[in-house]
There are 2 protein chains.
Amino acid sequence: MLRFSRKADYGILLVADIAHSMDESPKGVSAASLAKKYSLSKSFTANILKDLSRGGILFSTRGKGGGYFLSKAPDEISLHDVVDVLDGGVKMTHCTPSGSFTSAEHDADADSGDCCEISETCPVRSPLQRVHRGIQHYLESQTFENFYDGSLGKDPFQVREALEIV
Amino acid sequence: MLRFSRKADYGILLVADIAHSMDESPKGVSAASLAKKYSLSKSFTANILKDLSRGGILFSTRGKGGGYFLSKAPDEISLHDVVDVLDGGVKMTHCTPSGSFTSAEHDADADSGDCCEISETCPVRSPLQRVHRGIQHYLESQTFENFYDGSLGKDPFQVREALEIV
DNA sequence: TTAATCCGCACTAAATTAGTGCCATATTCT
DNA sequence: AGAATATGGCACTAATTTAGTGCGGATTAA
Ligand code: SF4
Ligand code: SF4
């Protein structure tokens, strides 16, 4: 099934929330408060935030009153960045060379790129690379500017109806 | 890591090959010949083809001289169709309702759609649904018309250079 | 009848994802 | 100084998914 991992999914949620919070007040957001707000396990939440921090998407301050902040403007952070850090990047085919810079950790398969033995003669390799780039660019185009749906939490039915989610 | 499974990846290759073969002669293509042509395991290849057949993308004839055919014109079959059958579809988030029709088999989680407890109040749900639809539509737009790179196998270097794959 | 070919299912192994926990370190407040 | 609040790093286990194999049965053409 083609999907974001939960880590990436929640990571997007957390980044979006922090972006939204910083919009209202320039205070850091703690892992504990986010976990509580979204009913997530504290350790899982903390892990995701730590990864995002190591990946350069967030930065943090410790101690009382500390927490996480965006390290760039919301429109400078894309879904691709988050997926890259939390999910090991986008590599639609198995012969896709390690793109962009794909933060360490997941780079165990950095063996020159092609893991598929038939890549030299594969007749769909280049069409699929085009598809790979299409998806990658699409995710890069989706930034955290206006990614937080502030209208939710007010009147779920009305909102969902307006968005045609039914 | 966001990627096609090997099954989907090879499935795309196989469908593309069959589309290309039917273009040249209207004969069926056997699992054995495809496995040999691409140095794949016969049983794995056969399994993928069987799934594609059950999923309505291919149809088959048995017995000597039999094999697989496309069941629609190449431009009527999209990558999304293949991914749907072989990979259980595209559901970028965990709260994505079962889209299109997502062929049985993988439909174990058909419990009304949302598997994420916070979906009612999630502020990124609808933006992410939009992303989901973006990717889904993109894959639907990629059909098997001209998806077979016939120029490969002739002069790998020249071809790859032309396609800017380096 | 024999050989080619798909069909359906059941099974195992490997890899990835998901999730937890502990202790160290930094910062702030009293 | 000491307590309370936070993140940082690491190591670990469990659950799920992907990957891949195998066999006996049905169908068809020569
Ligand atoms: S070479 Fe062809 S089959 Fe192998 S991974 Fe690349 S695209 Fe897929
Ligand atoms: S509700 Fe929000 S967090 Fe949960 S799966 Fe949907 S988008 Fe992701």
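Here the structure is a predicted model, which means the values were calculated and not measured. Lettering follows sequence order; numbering is per chain, from 1.
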For B:Leu13 against A:Cys122, the heavy-atom pair lying closest together: CD1-SG, 4.2 Å

Rounded distance (Å) that lies between atom P of C:dC9 and atom CG of B:Asp51: 12 Å

Side-chain N,O (B:Ser5) to OP1/OP2 (D:dA19) below 4.0 Å: yes

Shortest non-hydrogen contact from A:Ala35 toward A:Lys42: CB-CA, 3.9 Å

d(CD1, B:Ile48; C1', D:dA19) in whole Å: 10 Å

Any side-chain heavy-atom pair of A:Glu76 and A:Phe144 under 4.5 Å: no

Shortest non-hydrogen contact between A:Ser71 and A:Gly56, atoms and distance: OG-O, 2.6 Å

Nucleotide C:dA15, atom C1' - distance to CZ of B:Phe4 in whole Å: 20 Å

Selected nucleotide, minimal atom distance to B:Lys50 side chain, candidates D:dC10, D:dT18, C:dC9: C:dC9

For atom CE of B:Met1 and atom P of D:dA19, their distance in whole Å: 11 Å

Rounded distance (nearest 0.5 Å) linking atom OH of B:Tyr38 with atom CD of A:Glu117: 15.5 Å

Distance in Å, B:Ile57 CD1 paired with B:Asp84 CG, rounded so as to fall on 0.5 Å steps: 8.0 Å

Interface residues of residues 57-70 of chain A with DNA chain D (non-hydrogen, below 4.0 angstrom): A:Ser60, A:Thr61, A:Arg62, A:Gly63, A:Lys64, A:Gly67, A:Tyr68

Euclidean distance, atom NE2 of residue A:His94 to atom C1' of C:dA14 [Å, nearest integer]: 14 Å

A:Arg54 CZ - D:dC10 P separation (whole Å): 6 Å

Near-strand residues of residues 30-45 of chain A, defined as heavy-atom separation under 4.0 angstrom from DNA chain D: A:Ser30, A:Ala31

Exam field: side chain B:His80 to backbone B:Tyr138, donor-acceptor pair closer than 3.5 Å: no

B:Leu2 CG to A:Gln136 CD distance, which is reported to the nearest 0.5 Å: 10.0 Å

Plane angle bin for A:Phe59 and A:Phe69 - parallel if under 30°, tilted between 30 and 60°, otherwise perpendicular: parallel

Interatomic distance, A:Leu2 CG vs C:dT16 P [rounded to whole Å]: 16 Å

Interatomic distance where CG belongs to B:Asp9 and P belongs to D:dG20 [whole Å]: 11 Å

